[in-house]
Amino acid sequence: MKIEKIINNNIISAKDEKNQEVILMGRGIGFGRKKGESIDLSRIEKIFKRESGKEFNRFKEILMHTPIEQVDVADNVVRYAKRILNNSLDKDIYLSMTQFINSYVDKEFTGLPEIPYDAKVMNQYFKVEYMIGAFAQEEMFQILGIRTTEKFASYIALFVVSAEYGGSLEMALQMVGLISRMLGIVERCFPGEVHHEGVRYESCVAHLRYIASFVLNREQKNHQPTNKDFLESQYRREYRCGKKIREYIKKTYDFELSDEEELYLLIHIRLITM
């Protein structure tokens, strides 16, 4: 592999065996080197491929002006997220995560939406993602010596959520809001009866996340019809509550939940109010 471009002392551009551009990172990998020279493979610490997202050129620009230690933090957080979530994330998370950490260090929070929810809410609705945020806090201190706030962990969690569901940071915030409002309807339907702890509640929140994601992405699901008359007669309060959520989503988002989704809502409402 030969050097295509020196980005800075620690980052260079090259072509892989498929003649695709890659970004190679390592301390001193570009120091004193020239285009066309062979690359010292022993210095390679990280490899970013062009397939790593649609904003690869923008990512190169960010790397050019970002200290390698900050890139280390971002990369460690993304790798940790991928490992514990065990699913694919939008590959542009490398760009958003690196950009956010750099802006946090430089105290330049331009263009970021304010989070109107406290850490407790974020941890309640996105427990694993918030845990990734807590991991990022540890990395910031261990690598950069910077102590961060709970809001920092919440932002990291939202970036992970947006990468999970293929949306923006704003959409991730809208998911939190919609989940909160759906649970609020359940609370009003069953005052003092909702159990906020345990596997059943976590399962209910997970299902509400699922609903919020396809409502905001406007992904209409094809489901089988259900026996609404039977459900209404056997689970009258739960049915009415599920119907209120369905009506709220229709009115607010102009999106129609299916009868089957209403059934699943009924089941989860039943489980957390028994």
Side-chain angles (χ1 to χ4, degrees), residues 5-13 21-27 29-30 45-85 88-117 119 122 126 129-176:
K5 182 180 180 180
I6 307 292
I7 297 176
N8 59 37
N9 287 340
N10 302 312
I11 304 169
I12 61 175
S13 172
E21 184 180 12
V22 294
I23 299 298
L24 306 178
M25 181 175 294
R27 286 164 178 78
I29 195 171
E45 297 176 18
K46 304 182 192 300
I47 301 175
F48 300 98
K49 299 183 178 181
R50 175 165 284 279
E51 64 186 25
S52 298
K54 58 183 177 293
E55 297 197 39
F56 190 76
N57 290 332
R58 176 63 179 149
F59 184 47
K60 282 197 297 185
E61 292 178 21
I62 296 295
L63 291 178
M64 190 181 303
H65 305 290
T66 304
I68 191 170
E69 293 80 9
Q70 294 177 22
V71 180
D72 282 341
V73 173
D75 186 51
N76 291 349
V77 173
V78 173
R79 289 175 184 271
Y80 179 73
K82 287 183 174 181
R83 186 167 70 250
I84 68 170
L85 287 169
S88 61
L89 297 174
D90 187 295
K91 294 182 176 62
D92 286 327
I93 190 174
Y94 282 103
L95 168 62
S96 58
M97 194 68 71
T98 304
Q99 197 168 15
F100 170 67
I101 288 171
N102 179 252
S103 67
Y104 188 90
V105 173
D106 292 344
K107 297 180 172 59
E108 296 178 356
F109 297 100
T110 55
L112 285 178
E114 184 63 29
I115 301 178
Y117 310 101
M122 294 298 302
F126 295 99
E129 292 84 355
Y130 191 81
M131 184 171 68
I132 295 167
F135 172 82
Q137 287 185 286
E138 294 177 9
E139 290 293 292
M140 289 287 285
F141 181 69
Q142 292 297 327
I143 296 176
L144 302 178
I146 297 175
R147 294 190 182 278
T148 57
T149 64
E150 290 180 334
K151 181 166 284 190
F152 172 87
S154 293
Y155 272 116
I156 294 292
L158 287 171
F159 278 115
V160 174
V161 170
S162 64
E164 280 184 277
Y165 295 96
S168 62
L169 197 68
E170 289 77 7
M171 195 203 87
L173 273 171
Q174 289 173 13
M175 284 183 68
V176 179

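Side chains are part of it too, since the values below use all heavy atoms of this structure and drop only hydrogens, waters and symmetry mates.
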Those residues that, when tested against Lys5, pass side chain to side chain donor-acceptor pair (under 3.5 Å) (two or more places apart):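 Lys5 satisfies side chain to side chain donor-acceptor pair (under 3.5 Å) with no residue once adjacent residues are dropped.
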Closer than 3.5 angstrom, by distance alone: can the side chain of Gln99 be matched with the main-chain N or O of Ile62 as a donor-acceptor pair?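 No, Gln99 side chain to Ile62 backbone: no donor-acceptor pair under 3.5 Å.
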Expected output: side-chain Gln137 to main-chain Thr149 donor-acceptor under 3.5 Å: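 Yes, Gln137 side chain to Thr149 backbone: donor-acceptor pair under 3.5 Å.
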So which atom in [X] and which in [Y] form the shortest heavy-atom distance, rounded to 0.1 Å?
X      : Y      : value
Leu89  : Leu85  : CD2-CD1, 4.0 Å
Tyr155 : Glu114 : OH-CA, 3.9 Å
Ser162 : Ser168 : CB-O, 3.4 Å
Ile12  : Gly30  : CG2-CA, 3.7 Å
Ala163 : Ile93  : CB-CD1, 3.7 Å
Phe126 : Val176 : CE1-CG2, 3.5 Å

I'd like to know whether CD of Gln174 has more than 12 heavy-atom contacts from other residues, nucleotides or ligands below 6.0 angstrom.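 For Gln174, atom CD is crowded (more than 12 foreign heavy atoms under 6.0 Å).
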Roughly how far apart are [X] [atom1] and [Y] [atom2], rounded to 0.5 Å?
X      : Y      : atom1 : atom2 : value
Met25  : Asn8   : CE    : CG    : 7.5 Å
Phe59  : Ile23  : CZ    : CD1   : 8.0 Å
Asn10  : Leu24  : CG    : CG    : 12.5 Å
Met175 : Tyr165 : CE    : OH    : 4.5 Å
Leu95  : Leu63  : CG    : CG    : 9.0 Å
Glu139 : Ile146 : CD    : CD1   : 13.0 Å

Working for side-chain contact (heavy atoms from CB on, under 4.5 Å), residues Ile156 and Phe100: CA-CA 9 Å; Ile156 294 292; Phe100 170 67; 3.7 Å; yes
With respect to Ile101, which candidate in Val71, Val73, Thr66, Asp106 satisfies the side chain to side chain contact (heavy atoms under 4.5 Å, CB included) definition?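 Single side chain to side chain contact (heavy atoms under 4.5 Å, CB included) partner of Ile101 among Val71, Val73, Thr66, Asp106: Val73.
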Apply the test side-chain contact (heavy atoms from CB on, under 4.5 Å) to residues Lys60 and Glu21: give CA-CA distance (whole Å), side-chain angles for both, the deciding distance (0.1 Å), then the verdict. CA-CA 11 Å; Lys60 282 197 297 185; Glu21 184 180 12; 2.7 Å; yes
Are the side chains of [Y] and [X] in contact, using a 4.5 Å heavy-atom criterion?
X      : Y      : value
Glu69  : Arg27  : yes
Pro113 : Leu169 : yes
Ile143 : Asn76  : yes
Leu158 : Met122 : yes

Apply side-chain contact (heavy atoms from CB on, under 4.5 Å) to residues Leu173 and Tyr117 and explain how you reach the verdict. CA-CA 9 Å; Leu173 273 171; Tyr117 310 101; 4.2 Å; yes
Which is it for Met131 and Tyr80 under the side-chain contact (heavy atoms from CB on, under 4.5 Å) test, yes or no, and what are the steps along the way? CA-CA 10 Å; Met131 184 171 68; Tyr80 179 73; 4.1 Å; yes
Kindly assign one of parallel, tilted or perpendicular to the pair Tyr94 and Phe48, based on the angle between their ring planes and the thresholds 30° and 60°.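 The arrangement is perpendicular - the two ring planes meet at more than 60°.
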